[in-house]
Amino acid sequence: MNDKRIELVDGDITAINVDAIVNAANNLLLGGGGVDGAIHRAAGPGLLAECRTLGGCVTGDAKITKGYRLPARYVIHTVGPVWKGGGRGESELLASCYRKCFALAAAHKINSIAFPAISTGVYGFPKQTAAAIAIRETRAALRDDDGPARVIMLCFNRESREAYEAALRQDSRPAGPVL
Ligand code: APR
């Protein structure tokens with residue numbers, strides 16, 4: 001298991017010096033509140049100007065831009081699902097966000113990437129469930145020594161950190177045969 005390549009960091013994603021930071025955006029990709037607002041404020045107007053050329057982003061997908069005034073070279077914008085109780089494919093859409101971000105990281109030879117807790121703020125996704133999805137998809141991306149050398153999960157509050165710590169304690173080996 002490559003959990004040693006997964007780090008939990010408390011603080012603001014805009015200050016993290018990695019190849020790419022992930023933005024929890026909305027379908028318009030024109031900025032917003034939360035981490036989206038923080039990233040656009042820190043990156044400056046060039047980020048919005050480039051986002052305007054992207055034609056939006058469907059939920060579960062991701063698009064990449066430069067990082068502008070951010071320490072990070074790239075911003076990967078992904079649109080997580082709004083939590084509607086769990087019966088509308090929310091978990092699969094959130095998993096897709098992580099898979100699409102890792103696919104863009106591979107395509108752009110990104111060696112270090114930092115994620116916010118996608119969908120767990122305004123979009124209301126339960127933090128424990130979201131963290132389990134994030135860790136499961138990250139472990140899958142790092143299997144066979146593929147994927148970035150460093151994956152950072154930003155913990156913007158205590159609840160997020162505890163959710164990731166619980167998810168990391170879950171063993172990722174497939175369950176053995178039912179005896
Ligand atoms: N750095 C790291 N994490 C942050 C930061 C920050 N500067 N600001 C907020 N967060 C955390 C929140 O605490 C939450 O755990 O990011 C997580 C995602 O929360 P939101 O930013 O609300 O994103 P999300 O729930 O995916 O909702 C997306 O919010 O801002 C709008 O335009 C955005 O419409 C979109 C929606």
Side-chain angles (χ1 to χ4, degrees), residues 6-45 47-52 54-65 67-86 88-102 104 112-138 150-168:
I6 305 172
E7 300 166 46
L8 303 185
V9 171
D10 298 316
D12 186 334
I13 199 166
T14 62
I16 298 284
N17 192 352
V18 289
D19 291 346
I21 61 171
V22 174
N23 181 21
N26 60 52
N27 296 116
L28 295 176
L29 289 190
L30 299 179
V35 73
D36 195 3
I39 288 174
H40 275 273
R41 277 192 300 280
L47 180 61
L48 181 59
E50 185 174 355
C51 283
R52 286 192 198 285
L54 298 178
C57 182
V58 298
T59 300
D61 200 0
K63 292 191 176 177
I64 192 165
T65 65
Y68 298 94
R69 295 179 192 153
L70 287 160
R73 198 163 81 229
Y74 296 104
V75 180
I76 295 177
H77 307 261
T78 192
V79 182
V82 176
W83 181 256
K84 294 179 179 140
R88 309 279 287 273
E90 296 97 318
S91 291
E92 183 44 40
L93 282 167
L94 185 61
S96 173
C97 287
Y98 287 93
R99 288 199 290 268
K100 294 284 188 181
C101 289
F102 282 116
L104 282 171
S112 54
I113 185 169
F115 288 91
I118 302 162
S119 279
T120 67
V122 166
Y123 282 3
F125 207 110
K127 288 184 169 28
Q128 287 279 9
T129 310
I133 291 166
I135 295 301
R136 185 193 70 211
E137 293 304 325
T138 299
R150 284 180 74 205
V151 180
I152 293 174
M153 299 301 183
L154 266 298
C155 305
F156 205 57
N157 48 54
R158 181 179 175 73
E159 198 188 348
S160 291
R161 172 169 275 275
E162 288 172 355
Y164 282 125
E165 287 169 348
L168 284 167

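Excluded from the calculations below are hydrogen atoms, water molecules and symmetry mates; all remaining heavy atoms, backbone and side chain alike, are included. As the structure lists them, so they are numbered: ligands from 1, and atoms in each ligand from 1.
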Requested in this report: Just jot down the ligand 1 atoms closer than 4.0 angstrom to any heavy atom of G11, in number order.
Outcome: 1 (N), 2 (C)
Report task. Give the contacting part of F156 toward ligand 1: side chain, backbone, both or neither, where contact means a heavy-atom distance below 4.0 Å. Result -> side chain
Report summary line: Going by the 4.0 angstrom heavy-atom rule, the piece of N157 near ligand 1 is side chain
**Report entry** Exceeds 12 heavy-atom contacts within 6.0 angstrom, atom NZ of K100
**Finding:** no
Query raised in the report: What heavy-atom pair brings N17 and R150 nearest, and what distance separates the two atoms?
Result: O-NH1, 4.4 Å
Requested in this report: Considering heavy atoms of the protein only, find what lies nearest to atom 21 (O) of ligand 1 and give residue, atom and distance to 0.1 Å.
Outcome: V35 N, 2.8 Å
Report task. Could you name the option among C155, A15, P81, S119 that has the heavy atom nearest to atom 26 (O) of ligand 1? Result -> S119
Query raised in the report: Can you find a heavy atom in the side chain of L30 that is under 4.5 Å from one in the side chain of L48?
Result: yes
Query - A24 neighbourhood, listing ligand 1 atoms whose heavy-atom distance to it stays under 4.0 Å - result: 23 (O), 26 (O), 28 (C), 33 (C)
Query raised in the report: Does some non-hydrogen atom of T14 fall short of 4.0 Å from ligand 1?
Result: no
**Report entry** Shortest non-hydrogen contact from R69 toward A42
**Finding:** CB-O, 3.4 Å
Report summary line: Within 4.0 Å of some non-hydrogen atom of A38, the atoms of ligand 1 are 7 (N)
